[in-house]
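Heads up, the thing below is written out as structure tokens.
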Amino acid sequence: MKIVIVGGVAGGASAAARLRRLDESCEIVLLERGEYISFANCGLPYYVGGVITEKSALTLQTPKSFYDRFRIDVRVLSEAVSIDRANRTVEVRDLRKGETYRETYDRLILSTGAEPLVPRIEGADLEGVYTLRNIPDAYALRDKVTALGAGKRACVVGGGYIGVEMAENLLHAGLDVTVVEMADHLIAPLDYDMAADVHHYVESKGLHLKLGSAVTGIAKAGDALVVSTSTGDVPADMVLLSVGVRPESRLAKEAGLPCNARGGILVDQHMRTADTDIYAVGDAVEVTDFVSGDKAMVPLAGPANKQGRVAADNICGIPSAYTGTQGSAVLKVFDMTIATTGLNERTARAKGIACDKVFLYAGNHAGYYPGSSMMSMKVLYEKLTGRILGAQIVGFEGVDKRCDVLATAIRFGAAGRDLAKLELCYAPPFGSAKDPVNMAGFMIENLEKGVVRQFHWHDVAELPRDGSVQLLDVRTPEEAARGRIDGFVNIPLDSLREHLDQLDRDKPVYVHCHSGLRSYIACRILTGRGYRCYNLAGGYRLYQSVTGAGKPPVSAMPCKK
């Protein structure tokens, strides 16, 4: 059997290696339009910023190493031009020689990936305006950054994963960096309330943010550029466009293979297209969202590698299915870690899913062990079943491992209450006896059992200040003096029992503390004394971060509970 693979990065290279491991006798031809195969896309920003210094570190395999290990015929600078499905051939252009030839196949795998979106604005093609997709792009950006030198200005258009990583690395290289983002927050998979901590932190590190700003054009300004936006101009010596990607599916479309409205190639769970001899994997294909069951486009390296493996299995007669993508991802920005998995709240609500959420603010390990830092967690769950829908975590140490646990729980259909039962590794340098993941489970369990009621930061402004409800702040007087929510009366938790005569049992009480823990204890005290009590989820810290009330948190997340 002869298998031709178009595209030699994540999905294509993974499929090729799996095919050879399963079948020593098949002929495998890997066609790659560029000069490199199996390169580290996710490492490109760090090469541009000088964190990764060696070019060789970006290539995981070379054509020679791939041949030596797997006896795969790798042809770089070989562009697949068209597919003749009737005769099972691919027309290939040799970019070195400028000649074309036809390659036959028994099975064909398309792993053509996605290309950067370039907005239809004047000046997008000017010199000094860049995109980042591959190694040559990274080389060109690195050369530009080196030529500019410290103190010059860079504008990154787009605040997604790549945009934020590039902004950090350009700042690391000594440039003055502005990120322009059309949405109201960075990192689209985050909800606004979780992105707020990110905004405060990156601004404290020197990044300039223009959120809610649409780019309308780019123009020359002497030797530099100016980026025009809906909220004002941004001068720049270089511009990086990082506004998203679109599937590169021309080859499939012209061959008559069905694609969705966004260009994603339609495949079944075995990664087969409408043509049973043609498979497609990676960023070019439409996938099923694992949590919602809806169709989606999720360009991530992990799913692409898994899809390549699934395609190879099925070609070799091993039944294998790709069961969906849940969008688990992690991002480093300076010392901060941002991790997400599953649905965010705005997506869940847009899909009509009845959901609720818990917020918690927890240490990465035991607070008494030196070096503890705090992380902010949001866990979303379905009201009817308790099923975990998604999670977002922003913090420093230990964020990735908690998100990985939650991603695993989602994959196996766990409910929020199941998190309380997890037995996770504990020692003071690594965690707490009640891990933050357990704590999220306890909180969801308490809500489901009616042990506590909660309200959220976005409810605060609507609470009446006419005396019909009681607003209580149980932080210490020192904390309250540093910033408070209008209308809330301060009675510290530890003296609450001695001041119950100040509260009316016939009126509901809305309580907050710094993070939601002390106010939960206050609610239990009040509930036990006959009051109807509501706890502010995430506490004053979250409210302050999202609304900007008082002094916002910046680079350090204090250990105050």
Side-chain angles (χ1 to χ4, degrees), residues 46 51 164 168 171-172 194-207 330-341 358-379 391-408 419-420 422-443 474-483 492-494 512-521 537-545 550-561:
Y46 299 98
V51 177
V164 171
E168 175 197 355
L171 192 69
H172 180 268
M194 293 299 289
D197 275 352
V198 181
H199 300 162
H200 299 314
Y201 177 74
V202 298
E203 287 180 323
S204 78
K205 292 294 185 179
L207 283 185
V330 66
L331 169 70
K332 170 196 171 295
V333 53
F334 303 105
D335 294 323
M336 178 175 272
T337 305
I338 303 154
T340 66
T341 188
V358 294
F359 295 93
L360 62 152
Y361 191 55
N364 68 308
H365 61 61
Y368 59 81
Y369 187 86
S372 178
S373 63
M374 304 299 285
M375 66 183 77
S376 184
M377 294 177 58
K378 178 178 183 177
V379 179
Q392 303 162 45
I393 312 180
V394 176
F396 298 91
E397 297 293 329
V399 165
D400 52 341
K401 84 171 184 178
R402 271 67 186 212
C403 198
D404 282 342
V405 171
L406 289 162
T408 304
L419 301 180
L422 293 178
E423 186 175 334
L424 303 174
C425 296
Y426 162 61
F430 302 104
S432 298
K434 291 185 287 189
D435 191 84
V437 173
N438 296 135
M439 294 300 296
F442 297 152
M443 295 168 74
V474 296
R475 297 175 298 159
T476 66
E478 293 77 17
E479 290 174 276
R482 291 195 291 267
L493 173 63
D494 292 342
H512 84 80
C513 67
H514 181 73
S515 69
L517 177 59
R518 284 174 289 171
S519 48
Y520 161 66
I521 296 170
Y540 180 76
R541 197 211 70 83
L542 178 65
Y543 172 82
Q544 179 193 54
S545 178
K551 186 178 179 181
V554 286
S555 59
M557 289 189 171
C559 290
K560 175 71 72 176
K561 294 290 183 69

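Because the structure is a prediction, the values reported are computed rather than measured.
Here the shortest heavy-atom pairing between Ala366 and Ser372 reads O-CB, 4.0 Å. Pro428 and Tyr368 make their closest contact through CG-OH, 3.2 Å (heavy atoms, listed as atom of the first residue, atom of the second, distance). The two residues Ser515 and Tyr361 make their nearest non-hydrogen contact at CB-CB, 3.9 Å. The heavy-atom pair separating Ala440 from Leu419 by the smallest distance is CB-CD1, 4.3 Å. Residue Ile393 comes nearest to Cys403 through the heavy atom pair CD1-N, 3.6 Å, listed as atom of the first residue, atom of the second, then distance. Here the closest heavy-atom approach between residue Val474 and residue Cys513 is recorded as CG2-CB, 3.8 Å.
Here Glu478 pairs with Thr476, Arg482 under the side-chain contact (heavy atoms from CB on, under 4.5 Å) rule; sequence neighbours left out. Qualifying side-chain contact (heavy atoms from CB on, under 4.5 Å) partners for Pro370, counting only residues two or more places apart in sequence or in other chains: none. The side-chain contact (heavy atoms from CB on, under 4.5 Å) search around Met194 returns Leu190, Phe359, Ser376, Lys378, Gln392, Val394, not counting sequence neighbours. Residues satisfying the side-chain contact (heavy atoms from CB on, under 4.5 Å) criterion with Asp404, sequence neighbours excluded, are absent altogether. Under the salt bridge (Lys or Arg N to Asp or Glu O under 4.0 Å) criterion, Lys332 pairs with Glu168, not counting sequence neighbours. Phe334 is linked by a ring pair (Phe, Tyr, Trp, His ring centres under 6.0 Å) to nothing, counting only residues two or more places apart in sequence or in another chain. His365 meets the ring pair (Phe, Tyr, Trp, His ring centres under 6.0 Å) test with Tyr369; sequence neighbours excluded. Every side chain to side chain donor-acceptor pair (under 3.5 Å) that Thr341 has, sequence neighbours left out, goes to Gln326, Ser328.
Here the NZ-CG distance, from Lys401 to Leu406, works out to 12.5 Å after rounding to the nearest 0.5 Å. Rounding to the nearest 0.5 Å gives a distance of 4.0 Å between CZ of Phe396 and CE of Met336. Atom CD of residue Glu397 and atom OG1 of residue Thr337 lie 7.0 Å apart, to the nearest 0.5 angstrom. Atom-to-atom distance recorded for Arg475:CZ and Ser519:OG is 10.5 Å, nearest 0.5 angstrom. Taking CG of Leu360 as the reference point, atom CE of Met374 lies at 9.0 Å (rounded to 0.5 Å). Atom NZ of Lys205 and atom NE2 of His200 lie 15.5 Å apart (nearest 0.5 Å).
Judged purely by atom type and a 3.5 angstrom limit, Asn438 uses its side chain to pair as donor or acceptor with the backbone of Leu422. Formation of a donor-acceptor pair under 3.5 Å by the Ser545 side chain with backbone atoms of Leu542 is not found in this model. No donor-acceptor pair under 3.5 Å is formed between the side chain of Asn364 and the backbone N or O of Phe430.
For residues 431-440, the set of pairs meeting the salt bridge (charged side-chain N to carboxylate O under 4.0 Å, His left out) definition, not counting sequence neighbours, comprises Arg402-Asp435.
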